[in-house]
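Written out below as structure tokens is the structure these notes cover.
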Amino acid sequence: MQVIYLDSRQQSFIPSKKPIVLALGFFDGVHKGHQFVIQTAGKIANQRGLPLAVMTFNRHASRIFHHDSSSTFRYLTTLKQKAELIEKLHADILYVVDFNQHFAGLSPKTFIEKYVIGLNAKIVVAGFDYTFGQGGTTTIDSMAAISNHRIQTVTVRELDSQRLKIGSSRIRKLIGQGRIKEANKLLGHPYGTTGKLIHAQIDGLSIVNPSSRLQQLPQTGSYLCDVTVSKEKQKIIVRVRQPKKGHATAVIYINRKAFHNLPHISSLPVSIKWLSE
């Protein structure tokens, strides 16, 4: 999968040599609803013999408009994790847009001209709740008309579980409450975080510094996880301690002694797949 980064301050982008089918969305978590959108676009791409492209953003809108310390927004995936999950859905191209103040101010027409037609997209697929352009109120159903029908659009219906929408906000809440099994069912894959194992210990347990302080972690408690440290994998209990309000960020602890052949260096890569509470 080719990953291409787009900056709104560029006058124009290099279009795909072939027309593309473009799936639009923020895709945080790449949950079952997101998978349905990308798979729908993939089926159309296969039928037409066209490349499948996916467009996402490097940050959530709330990090632009509510970026002070009071912002409580947390991601389900880092950009690297998101790219890995999208690649598993057989995307040929991943466009990563720099979501900044300038991009947020683009009119719907400018967005279509530059980010859709300008990339040689002929068919655009998005979820029913996808919006674009300044103010974030223009829906995918309006895109064909705004483009003077130079592009075709496909709107993907809502995907539900227990009569509730499968959405990133719902999954974040479940993970925050420590309801890992429920969250994983909606994700369609185990929730994952990454970090670095350091020598610092508390009560005999080693600390994992997360790769992103903005990624959602479960509430204080103990969780069964598949943990990989420097290529050695063990199913162990991971402990989380959430801070009191106004204090430092959450801390992750694991038992380093559960791993038998770790290199003797101070910082080791850690991958955690959260399985159950």
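Residues take their numbers from the sequence shown, with the count starting at 1.
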(message) Can you confirm whether Asn209 sits close enough to Val270 that some side-chain heavy atom of one is under 4.5 Å from a side-chain heavy atom of the other?
(response) no
(message) Using the salt bridge (Lys or Arg N to Asp or Glu O under 4.0 Å) criterion, which residues pair with Lys235? Sequence neighbours excluded.
(response) Asp226
(message) Looking only at the side chains, is there a donor atom on one of Gln81 and Gln215 sitting less than 3.5 Å from an acceptor on the other?
(response) yes
(request) For side-chain contact (heavy atoms from CB on, under 4.5 Å), just list the numbers for Leu50 and Ile20, CA-CA rounded to whole Å, side-chain angles, deciding distance to a tenth of an Å, and then say yes or no. (result) CA-CA 6 Å; Leu50 299 176; Ile20 58 173; 6.0 Å; no
(request) Indicate yes or no: does Lys88 engage Glu84 in a salt bridge with an N to O separation below 4.0 Å. (result) no
(message) Quick check: do Leu197 and Val208 have side-chain heavy atoms less than 4.5 Å from each other?
(response) yes
(request) Would you indicate whether the side-chain heavy atoms of Gln234 and His260 approach each other to under 4.5 Å? (result) yes
(message) Checking Arg59 now: which residues fulfil salt bridge (Lys or Arg N to Asp or Glu O under 4.0 Å) with it, not counting sequence neighbours?
(response) Asp98
(message) Could you tell me if Lys82 sits above the aromatic ring of Phe26, with its cationic atom closer than 6.0 Å to the ring centre and no more than 45 degrees from the axis?
(response) yes
(message) Within the 4.5 Å heavy-atom criterion, are Pro218 and Ile180 side-chain neighbours or not?
(response) yes
(message) Would you compute the distance between atom CD of Gln216 and atom CH2 of Trp274 and round it to the nearest 0.5 angstrom?
(response) 10.5 Å
(request) To the nearest 0.5 Å, tell me how far Phe259 CZ sits from Glu232 CD. (result) 6.5 Å
(message) List the residues meeting side-chain contact (heavy atoms from CB on, under 4.5 Å) with Ile237, not counting sequence neighbours, and say none if there are none.
(response) Ser222, Leu224, Arg239
(message) For Arg48, give me all partners under salt bridge (Lys or Arg N to Asp or Glu O under 4.0 Å), at least two apart in sequence or on another chain.
(response) none
(request) To the nearest 0.5 Å, tell me how far Leu119 CG sits from Ile93 CD1. (result) 8.5 Å
(message) Could you tell me if the side chain of Val229 sits less than 4.5 Å from the side chain of Ile254, heavy atoms only?
(response) yes
(request) Could you pull out all residues at least two apart from Lys109 that satisfy salt bridge (Lys or Arg N to Asp or Glu O under 4.0 Å)? (result) Glu113
(request) Supply the atom-to-atom distance Ile252 CD1 to Leu217 CG, rounded to the nearest 0.5 angstrom. (result) 4.5 Å
(request) For the residue pair Leu76 and Ser168, establish whether any side-chain heavy-atom pair is separated by less than 4.5 Å. (result) yes
(request) Could you go through the side-chain hydrogen bond (donor to acceptor under 3.5 Å, both in side chains) check for Ser211 and Thr194 one step at a time? (result) CA-CA 6 Å; Ser211 299; Thr194 59; 2.7 Å; yes
(request) Only counting residues at least two apart or in another chain, list the ones meeting ring-ring contact (aromatic ring centres under 6.0 Å, His included) with Tyr115. (result) Phe13, Phe103, Phe111
